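Here the structure is laid out as structure tokens; the discussion comes afterwards.
Throughout, a chain's letter reflects where its sequence line sits, starting with A, and its residues are numbered from 1. Since the model is a prediction, treat every value here as computed from it, not as a measurement. Just the heavy atoms: all of them, side chains too, but no hydrogens, waters or symmetry mates, feed the values below.
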Amino acid sequence: MATAAVVSAAALPAAPSPSPVRYTPRRAALRDVPQLHAALLKSGELTTSPESFHSFLEATALPSPATTAAHLSYAIRLLRLGPHPPLSARSYNILIRALFRAGHPEDALHLFVEMLDAAIAANVCPDQHTIANTVKSCARMYALATGRSVQAYAVKLGFMADQFVLNSLIHMYASCGDVAAAQVLFNTVEEKGVVTWNAMIAGYVKNGDWKEVVEMFKGMLEVQAPFDEVTLVSVATACGKIGDSKLGERIGVYAEEKGMVRNRNLATALVDMYAKCGELDKARRLFDRMHSRDVVAWSAMISGYTQADRCREALTIFNEMQATEVNPNDVTMVSVLSACAVLGALEMGKWVHSYIRRKALPLTVVLGTALVDFYAKCGCIEDAVKAFESMPVRNSWTWTALIKGMASNGRGREALELFSSMREANIEPTDVTFIGVLLACSHNCLVEEGRRHFDSMTQDYGIHPRIEHYGCMVDLLGRAGLIDEAHQFIRNMPIEPNAVVWRALLSACTVHKNVEIGEEALKQIIPLDPCHSGNYILLSNTYASVGQWKEAAMIRKEMNERGIKKIPGCSLIELDGTIFEFFAEDSEHPQSREIYEKVDEMIENIKMAGYVPNTADARLDVDESEKQVSVSHHSEKLAIAFGLMKSRPGATIRLSKNLRVCVDCHSATKLISKVYNREIVVRDRNRFHHFKDGLCSCNDY
DNA sequence: TTAGGGTTAG
């Protein structure tokens, strides 16, 4: 029986010797409870005065920071065993409410049933408070059927005109997902109070129907219905979700004017809303002005930074949070891990993982998925698998995270095997799962499998390919050298190809030296994405690859004339938990001179192992030796040199960069891994390269 | 005594 958890937690302590304590209905520590109890017994008040009896029950059972399961247990045993005055609805109401508030709705329901049994023998009848509180417990437990039968009692007992009963029923139906039933009841309420509206709106919130929340609020304004902070919390949240910055802003201004931002929940909802509407700095200003910030407020601010791709700031503010009394919870850690994943901040993320274990934070499916994704995005695929296996519950997001992780770490076969296991586990794949599957195929040149999965996606799962799926297919065909087929594939697409799709083709043309289709691809890209420097560089490199130097130079000139700047290459490396950032030709670092000396030493050493600089990707307007110097100062070579200087011999060097690894850096890094006997893991904008013993996990593909 | 609220992953 569910009740046992609380009720049998402690036996009734022996009554202490009588003492002259006068009973006052204050919250009592458990050691005081038997004393008070004894005093009331002695004076006879406990059995003769229902007033005193109820005050004692309340003081003992109603949750306060000092209340424990033992308090609840004590009160319930008193109710059951006595002695006490004749019981009334109020006696049961106090405990039903206390159990609900203490987070034991199942025990509250059980007590309600007990009350119905007692009703027959002791003439105790549930009142409207009983019904409202019991319905709340049903809502908390998502016990829709039980809720319906409690409503039947309410009808039988004639409580259906009571505002509290109605409001709790609306809330119960709505939070159990039966919004239609909630709406039917809502419509029957003649005098709708602010709580009635709020209960209905909360129902749409629970069901993620954000548009309806906003519509309902607009309807409220029209009929001049009353609203309060609670209403605005729901509406602000909805504005954030659907990006209605206009209404969100109005609510923000209104709440400021009326001083409602003193309400912490509303302030938090507004912080979240501003962040989701792209007004991150506004969110921060409000956050900074909050009088008290609990874990939810901190989490909202951190996730705001993470979702806006300002991950360094997310980690900075997380550090600030740790200087406070507020402890992070599982939700906080989801955002922190996702920031670490984006930054490739392995040490920080590992620390988060150990914190989760140490504090026994619940490994929810969301947190576990974030962990899997974090390890995979840091190139630690074995740890990602371990995290995956440690999860008690996995869903399609979890499987997808690992499939994508496998794919981008060059383990396409395993990604496809995982996909089969996922199907065997009866987890439905989503559109994103198929992006992982197609990535696995394209990174591993599995053309036939790719074609099959692409077709099966629609035929077997009814998932219609999005532009990303087409992009993967073009990439797959193009990498495999099937340039004409890739080109034809784009022409046959039922949706408009975007610049990404064309760029995949252009990139394949560069690798496979196809000038004609490369030119066509660039022609298509220019109107779609005229400012992306990569387009011009790819075609220029295509010309260069077949020796058409004049055309190559022309393209670069055209790019300069259009004022398009090459995106500077940038590499990040994390050492001892600090992230260092390097740009090509960087001289910002205080140890610049030593780093450049290390680069020279590195290049000399790998030249002896057979390295020949590949200057195809270098600037074209300088002579060969300058080109060689220029490629040797690419950001990842600087970062690797720094990593060699600063880490202990044999330690793995991990870096992440914003562009794709160039051909020269790729061949140089292979040799560095061999000459210096280091494993080097490089995350580029598309995938991972695990360099070891002179080889790379991507097989140069 | 009694009803309603904010943060999270691929």
Listed nucleotide nearest any side-chain atom of [X], set [options]:
| X | options | result |
| --- | --- | --- |
| A:Lys241 | B:dG10, B:dT1, B:dT7 | B:dT7 |
| A:Thr237 | B:dT7, B:dG5, B:dT1 | B:dT7 |
| A:Thr369 | B:dT7, B:dG10, B:dT2 | B:dG10 |
| A:Asn265 | B:dT7, B:dT2, B:dG6 | B:dG6 |
| A:Val366 | B:dA9, B:dT1, B:dT7 | B:dA9 |
| A:Ala401 | B:dA9, B:dT1, B:dG10 | B:dG10 |
| A:Arg90 | B:dG10, B:dT8, B:dT1 | B:dT1 |
| A:His171 | B:dG5, B:dT8, B:dG10 | B:dG5 |
| A:Asn93 | B:dT7, B:dT1, B:dA9 | B:dT1 |
| A:Thr268 | B:dA9, B:dG6, B:dT7 | B:dG6 |

Atom-to-atom span, [atom1] of [X] to [atom2] of [N] - whole angstrom:
| X | N | atom1 | atom2 | value |
| --- | --- | --- | --- | --- |
| A:Glu229 | B:dG6 | CD | C1' | 13 Å |
| A:Arg101 | B:dT2 | CZ | P | 6 Å |
| A:Met391 | B:dG10 | CE | C1' | 11 Å |
| A:Lys206 | B:dG5 | NZ | C1' | 9 Å |
| A:Phe217 | B:dG5 | CZ | C1' | 14 Å |
| A:Leu286 | B:dT7 | CG | P | 14 Å |
| A:Phe112 | B:dT2 | CZ | C1' | 15 Å |
| A:Ile131 | B:dT2 | CD1 | P | 17 Å |

Quiz prompt | Side-chain ion pair, A:Glu229 and A:Arg264, N-O less than 4.0 Å | solution = no
Quiz item: Is there any side-chain hydrogen bond (donor to acceptor under 3.5 Å, both in side chains) pair reaching into residues 304-314 of chain A, and which pairs are they, with sequence neighbours excluded?
Solution: A:Asp281-A:Arg310, A:Arg284-A:Tyr305, A:Arg310-A:Glu313
Quiz item: Just checking, any donor-acceptor pair under 3.5 angstrom between side chains of A:Arg97 and A:Tyr92?
Solution: no
Quiz item: Are a donor atom and an acceptor atom from the side chains of A:Asn265 and A:Thr268 found within less than 3.5 Å of each other?
Solution: no
Give a yes/no on whether any side-chain N or O of [X] is located under 4.0 angstrom from OP1 or OP2 of [N].
| X | N | answer |
| --- | --- | --- |
| A:Lys377 | B:dA9 | no |
| A:Ser303 | B:dT8 | yes |
| A:Gln307 | B:dT8 | yes |

Quiz item: Side-chain donor or acceptor of A:Thr231 under 3.5 Å from a matching atom on the base of B:dG5?
Solution: no
Self-check item: Distance-only donor-acceptor test, A:Asn395 side-chain atoms vs B:dG10 base atoms, 3.5 Å
Solution: no
Tell me what [X] touches on the nucleic acid: a base, only sugar-phosphate, or nothing, going by heavy atoms under 4.0 Å.
| X | value |
| --- | --- |
| A:Asp228 | base |
| A:Val194 | base |
| A:Thr130 | nothing |

Below 3.5 Å, can you tabulate the donor-acceptor pairs from side chains in residues 234-243 of chain A to any protein atom, sequence neighbours excluded?
| residue | atom | partner | partner atom | Å |
| --- | --- | --- | --- | --- |
| A:Thr237 | OG1 | A:Val233 | O | 2.6 |

Quiz prompt | side chain to side chain contact (heavy atoms under 4.5 Å, CB included) partner of A:Gln128, the single match among A:Asn93, A:Val165, A:Leu166 | solution = A:Val165
